[in-house]
Engineer: 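Here's a structure for you.
If you're wondering where the values come from, they're calculated on a predicted model, not measured in any experiment. The sequence lines fix the lettering, A, B, ..., with proteins before strands; numbering per chain opens at 1.
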Amino acid sequence: KQEVTQIPAALSVPEGENLVLNCSFTDSAIYNLQWFRQDPGKGLTSLLLIQSSQREQTSGRLNASLDKSSGRSTLYIAASQPGDSATYLCAVRNSGGSNYKLTFGKGTLLTVNP
Amino acid sequence: SQTIHQWPATLVQPVGSPLSLECTVEGTSNPNLYWYRQAAGRGLQLLFYSVGIGQISSEVPQNLSASRPQDRQFILSSKKLLLSDSGFYLCAWSENRGTEQFFGPGTRLTVL
């Protein structure tokens with residue numbers, strides 16, 4: 001059974017700092033991995049999708065990497081801003097017949113202080 | 001562009017009452033549709049998945065059911081709510097199996 005862990009559970013940084021959020025998963029037979037952002041009381045916003053054959057994806061100040069063999073992904077946020085404050089969720093999609101299903105971590109609550 | 005709507009945004013219901021949450025998607029056809037629940041202190045849990053009208057897969061045995069009466073409409077229901085049904089319910093869509101999922105704004109359900 002796939003399990004996804006996100007460390008740290010919470011992170012507080014000053015504005016302008018570069019930071020890394022970590023995601024690990026137990027079953028390396030994944031189809032792809034998706035990073036989301038969730039603001040309090042809101043739905044999820046998709047940030048990046050990395051296919052299993054890719055090593056990284058970039059969107060603006062965000063860069064996500066994937067090391068499938070070691071079961072790890074990182075989300076790098078450059079030059080953090082107060083508007084980046086939110087919960088960041090990692091979700092993996094297994095290969096095979098269950099590739100419709102996302103397994104989520106519990107998220108990292110990021111606070112960027114002005 | 002595609003948009004996903006959910007209503008109501010919030011709902012407070014007594015134990016034993018019925019439930020109907022609605023999700024609609026605009027700007028796409030034949031989407032894959034999903035219902036998730038996010039409970040306090042727990043990760044998102046997939047409840048139901050649908051690849052087409054009338055085609056529903058249940059992921060977790062529970063007090064809830066889902067229906068898809070139209071291509072872009074997905075409904076979550078219960079005949080009798082339990083306290084444990086409280087949570088944040090999220091609808092999502094994707095073009096195909098395994099592709100990027102996009103989420104709606106969610107419905108906050110409180111069962112008293």
Side-chain angles (χ1 to χ4, degrees), chain A residues 1-7 9-10 21 23-26 29-54 57 59 62 64 66 68 86-109, chain B residues 1-11 21 23-25 30-52 55-60 66 74 87-110:
Chain A
K1 178 186 172 185
Q2 180 72 271
E3 292 182 1
V4 179
T5 303
Q6 291 187 246
I7 293 174
L21 306 180
C23 171
S24 61
F25 45 94
T26 54
I30 66 168
Y31 188 75
N32 55 36
L33 181 147
Q34 198 167 348
W35 280 95
F36 295 89
R37 166 191 174 132
Q38 185 175 29
D39 293 290
K42 304 293 184 182
L44 278 63
T45 300
S46 179
L47 298 174
L48 290 163
L49 175 74
I50 310 180
Q51 299 295 345
S52 61
S53 58
Q54 296 176 314
Q57 278 280 14
S59 175
L62 305 179
L66 175 63
K68 196 174 76 164
T87 297
Y88 289 80
L89 295 159
C90 166
V92 301
R93 194 177 277 107
N94 276 28
S95 301
S98 63
N99 69 346
Y100 60 90
K101 182 176 179 178
L102 282 172
T103 301
F104 283 83
K106 293 185 178 181
T108 294
L109 176 61
Chain B
S1 64
Q2 298 85 8
T3 333
I4 179 168
H5 303 278
Q6 287 186 245
W7 62 90
T10 60
L11 191 60
L21 304 181
C23 169
T24 58
V25 182
N30 198 31
N32 288 6
L33 296 172
Y34 312 82
W35 277 112
Y36 289 87
R37 176 169 58 203
Q38 187 175 35
R42 302 174 66 179
L44 273 87
Q45 181 183 39
L46 179 64
L47 303 175
F48 298 97
Y49 163 63
S50 173
V51 297
Q55 301 178 64
I56 311 291
S57 297
S58 174
E59 289 295 311
V60 182
F74 205 21
F88 193 47
Y89 287 82
L90 290 156
C91 181
W93 75 274
S94 65
E95 285 191 355
N96 297 296
R97 287 170 67 105
T99 59
E100 192 172 5
Q101 286 188 22
F102 301 95
F103 282 74
T107 294
R108 173 74 59 190
L109 172 66
T110 303

Engineer: What residue in Gly105(A), Ser95(A), Ser46(A) has the most heavy-atom pairs under 4.5 Å with chain B?
Structural biologist: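 Among the listed options, the one with the most contacts to chain B is Ser46(A).
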
Engineer: Around atom CD of Glu95(B), are there more than 12 heavy atoms from other residues, nucleotides or ligands closer than 6.0 Å?
Structural biologist: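 Not buried by this count: 12 neighbours or fewer within 6.0 Å.
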
Engineer: Which pair of heavy atoms, one from Tyr100(A) and one from Tyr34(B), lies closest together, and at what distance?
Structural biologist: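 Smallest interatomic distance, heavy atoms only, reads O-CE2, 3.5 Å.
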
Engineer: Quick check on Leu102(A) against chain B: is it the side chain, the backbone, both or neither that has a heavy atom closer than 4.5 Å?
Structural biologist: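 Its backbone and side chain both get close to chain B.
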
Engineer: Heavy atoms only: give me the nearest Gly98(B)-Tyr31(A) pair and the separation to one decimal.
Structural biologist: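 Taking every non-hydrogen atom into account, O-CE2, 3.4 Å.
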
Engineer: Drop me the distance from Lys101(A)'s NZ to Ser57(B)'s OG, to the nearest 0.5 angstrom.
Structural biologist: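 If I round to the nearest 0.5 Å, the distance is 11.0 Å.
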
Engineer: Can you tell me which portion of Leu44(B) sits under 4.5 Å from chain A's heavy atoms? Options are side chain, backbone, both or neither.
Structural biologist: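 Both parts, heavy atoms under 4.5 Å.
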
Engineer: Whether the side chain of Glu100(B) engages the backbone of Leu49(A) through a donor-acceptor N/O pair (distance < 3.5 Å, no angle test) should be reported.
Structural biologist: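 No.
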
Engineer: Less than 4.5 Å to any heavy atom of chain A: does that hold for the side chain of Gln6(B), its backbone, both, or neither?
Structural biologist: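 It is neither, since no heavy atom gets under 4.5 Å.
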
Engineer: Please classify the contact of Thr99(B) with chain A as side chain, backbone, both or neither, using a heavy-atom distance under 4.5 Å.
Structural biologist: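 For Thr99(B), the backbone is the part near chain A, not the side chain.
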
Engineer: With respect to chain A, which residue among Gly106(B), Ala92(B), Pro105(B) yields the maximal number of heavy-atom pairs within a distance under 4.5 Å?
Structural biologist: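 Looking at each of Gly106(B), Ala92(B), Pro105(B) in turn, Pro105(B) comes out on top.
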
Engineer: Looking only at heavy atoms, which two atoms of Leu44(A) and Phe103(B) are closest? And how far apart?
Structural biologist: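 Closest approach of Leu44(A) to Phe103(B): O-CB, 3.5 Å.
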
Engineer: Is it the side chain or the backbone of Gln38(A) that comes within 4.5 Å of chain B heavy atoms, both, or neither?
Structural biologist: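 Interface part for Gln38(A): side chain.
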
Engineer: Roughly how far, to the nearest 0.5 Å, is CD of Gln45(B) from OG1 of Thr103(A)?
Structural biologist: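 Here the interatomic distance stands at 11.0 Å.
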
Engineer: Looking at every non-hydrogen atom in both residues, tell me the closest pair between Phe36(A) and Gln101(B) and how far apart they are.
Structural biologist: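 In terms of heavy atoms, the two residues are closest at CE2-O, 3.7 Å.
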
